[in-house]
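Take a look at the structure below.
The model shown is predicted, which means the values in this text are computed figures rather than measured ones.
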Amino acid sequence: MKSRGRGNPIAQILAGGLICGLSLWLGLIAARPFQAAAALRARNDNLERQLLRYRLQNQRIEKETIGVQTRAGLIYAARKLGYVWPGERPLRIPGQ
């Protein structure tokens, strides 16, 4: 009966390196869809935040528009722009 030798050490090193390289390559291939999904999710999150900002801005403008349609709201908006009633003097606060 022959004793089993370890074989050629250079061939074993090359085979181990080939297996490691192949495993690395397969890992990179498998990770690609997950990286693409993460990029798409980040883009979608940014778009959702922007949409929410626009919706809130639209709600504020609609609320202001509805408020201006009343007499009190119109007077309030005019006063914010600096208008005063005839004969009335504007109140000025120093430092503002």
Side-chain angles (χ1 to χ4, degrees):
M1 196 192 257
K2 276 178 135 180
S3 68
R4 294 182 78 178
R6 297 195 115 213
N8 189 354
I10 293 177
Q12 288 178 349
I13 291 173
L14 287 176
L18 181 64
I19 290 172
C20 285
L22 183 61
S23 297
L24 177 66
W25 180 73
L26 287 174
L28 291 174
I29 296 277
R32 192 172 295 154
F34 295 102
Q35 291 172 338
L40 288 174
R41 172 174 269 183
R43 184 173 174 220
N44 284 342
D45 289 345
N46 287 336
L47 288 173
E48 283 184 31
R49 278 191 291 276
Q50 186 177 10
L51 179 64
L52 181 61
R53 273 196 307 270
Y54 288 145
R55 281 184 179 165
L56 292 173
Q57 181 182 4
N58 193 26
Q59 286 176 357
R60 282 192 292 270
I61 291 171
E62 283 179 357
K63 184 178 176 184
E64 185 178 327
T65 303
I66 290 170
V68 170
Q69 292 174 354
T70 65
R71 179 174 168 78
L74 187 60
I75 291 171
Y76 177 74
R79 288 191 178 271
K80 279 177 60 176
L81 294 174
Y83 290 96
V84 293
W85 291 103
E88 188 179 46
R89 286 191 291 183
L91 177 64
R92 304 224 175 177
I93 301 173
Q96 285 189 351

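With rounding to the nearest 0.5 Å, the separation of OG1 in Thr70 from OH in Tyr76 is 12.0 Å. The CG atom of Leu56 sits 9.5 Å away from the CG atom of Leu51 when rounded to the nearest 0.5 Å. In this structure, CG in Leu40 is found 11.0 Å from CG in Asp45, a value given to the nearest 0.5 Å.
Counting heavy-atom neighbours within 6.0 Å of Ile10 CD1, excluding the residue itself, gives a total of 12 or less.
Side-chain contact between Thr65 and Gln69 is present, with at least one heavy-atom pair separated by less than 4.5 Å.
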> Run the side-chain contact (heavy atoms from CB on, under 4.5 Å) check on Asn58 and Glu62 step by step: do they pass?
Replying inline: CA-CA 6 Å; Asn58 193 26; Glu62 283 179 357; 3.7 Å; yes
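Between the side chains of Asn46 and Arg49, at least one donor N or O sits under 3.5 Å from an acceptor N or O.
Residues Lys80 and Glu64 are not paired through a salt bridge, judged by the lack of any N-O separation under 4.0 Å between the basic side chain and the carboxylate.
By the criterion of side-chain heavy atoms lying less than 4.5 angstrom apart, applied directly or through intervening Ile, Leu, Val, Met, Phe, Trp or Tyr residues, Leu22 is grouped together with Ile29 in one hydrophobic cluster.
A pairwise comparison of heavy atoms in Pro33 and Ala30 identifies CD-O, 3.4 Å as the closest pair.
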